[in-house]
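Treat the numbers as computed from the prediction; the structure is a model and nothing was measured.
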Amino acid sequence: MSCNTTVTRLHVSSVGQAQRAPVHLLPCEIEHNGPAQVSQYFDATIKDRKQGKTVSFRGRELKGQELSCPQGFTGLVLKEINKPGSDQEDRTVRVTSVFDKLTYWNLETAPNSDDTVVMAMDWPELAEAIHGPVED
């Protein structure tokens with residue numbers, strides 16, 4: 001039996017150099033790889049309402065919620081360092097920015113506790129409760 005593994009290496013020095021940046025998780029695939037003027041086309045139109053954030057993106061209504069990273073965790077935005085002519089499966093990445101919260105968007109329905117992204121933010125606390133030491 002053969003096992004295919006891929007190794008991803010992180011340039012640790014890039015973590016200390018990274019700046020904080022706003023992060024939005026959109027319910028779509030954008031075929032663009034590079035910087036975007038998000039504040040010019042997105043942030044300016046966000047409306048805070050009682051039931052959460054709303055915005056129109058390419059004519060579709062999105063409803064959002066700001067989620068904080070679990071305590072003790074920091075989010076990383078990574079960029080692959082391309083090696084010209086390399087056909088290796090191993091990858092090397094560097095940190096381009098860091099975040100401690102993100103805005104999570106759904107199409108037409110507000111994010112809720114059943115969404116996988118919302119549940120993922122609760123996982124470290126739940127895992128600690130399940131796997132942590134038991135007090136007598």
Colleague: As an exercise, state the distance from CG of Leu10 to CZ of Arg91, rounded to the nearest 0.5 Å.
Modeller: 12.0 Å

Colleague: Indicate yes or no: at least one non-hydrogen side-chain atom of Thr92 is less than 4.5 angstrom from one of His11.
Modeller: yes

Colleague: Are the side chain of Asp115 and the backbone N or O of Val117 linked by a donor-acceptor pair below 3.5 Å?
Modeller: no

Colleague: Checking Val7 against Arg9 for the side-chain contact (heavy atoms from CB on, under 4.5 Å) test, could you report, in this order, the C-alpha distance in whole Å, the side-chain angles of both residues, the deciding distance, and whether it holds?
Modeller: CA-CA 6 Å; Val7 175; Arg9 292 178 180 80; 3.9 Å; yes

Colleague: Give the minimum heavy-atom separation between Met121 and Pro70, together with the two atoms involved.
Modeller: O-CG, 3.2 Å

Colleague: Any heavy-atom pair between the side chains of Lys53 and Glu66 that's under 4.5 Å?
Modeller: yes

Colleague: Flag yes if more than 12 heavy atoms outside Glu125 fall under 6.0 Å of its CD atom; otherwise flag no.
Modeller: no

Colleague: Run the side-chain contact (heavy atoms from CB on, under 4.5 Å) test on Thr74 and Asp100 for me, step by step, so that the C-alpha distance in whole Å, both residues' side-chain angles and the decisive distance to 0.1 Å come before the verdict.
Modeller: CA-CA 5 Å; Thr74 299; Asp100 56 3; 5.9 Å; no

Colleague: Any side-chain heavy atom of Glu80 within less than 4.5 Å of one from Leu78?
Modeller: no

Colleague: Is a donor on one side and an acceptor on the other found under 3.5 Å between the side chain of Ser14 and the backbone of Arg94?
Modeller: no

Colleague: Quick check: do Ser56 and Glu61 have side-chain heavy atoms less than 4.5 Å from each other?
Modeller: no

Colleague: Less than 4.5 Å apart, side chain to side chain, heavy atoms only: is that true for Ile46 and Thr54?
Modeller: no

Colleague: What's the separation between atom CG in Leu67 and atom OG1 in Thr103, rounded to the nearest 0.5 Å?
Modeller: 8.0 Å

Colleague: Which heavy atom in Asn112 sits nearest to a heavy atom in Asp114, and how many Å separate them?
Modeller: OD1-N, 2.7 Å

Colleague: Are Val23 and Leu26 linked, directly or through other ILVMFWY residues, by side chains that come within less than 4.5 angstrom of each other?
Modeller: no

Colleague: Applying a strict under-4.5 Å side-chain criterion to I, L, V, M, F, W and Y, I'd like to know whether Leu102 and Phe73 cluster together.
Modeller: no

Colleague: Measuring only between side-chain heavy atoms, which start at C-beta, is Phe99 closer than 4.5 Å to Cys69?
Modeller: yes

Colleague: Are any non-hydrogen side-chain atoms of Leu62 and Leu107 less than 4.5 angstrom apart?
Modeller: yes

Colleague: Could you check whether any side-chain heavy atom of Asp90 comes within less than 4.5 Å of a side-chain heavy atom of Thr8, counting everything from C-beta outward?
Modeller: no

Colleague: Are there more than 12 heavy atoms of other residues, nucleotides or ligands under 6.0 Å from atom CZ of Arg20?
Modeller: yes

Colleague: How close do Lys63 and Pro111 get, heavy atom to heavy atom, and via which atoms?
Modeller: O-CD, 3.4 Å

Colleague: Students often mix this up, so state it plainly: with edges at 30° and 60°, are the rings of His24 and Trp105 parallel, tilted or perpendicular?
Modeller: parallel

Colleague: Mind listing the closest non-hydrogen atom pair of Ala18 and Val95 along with its distance?
Modeller: CB-CG1, 3.6 Å

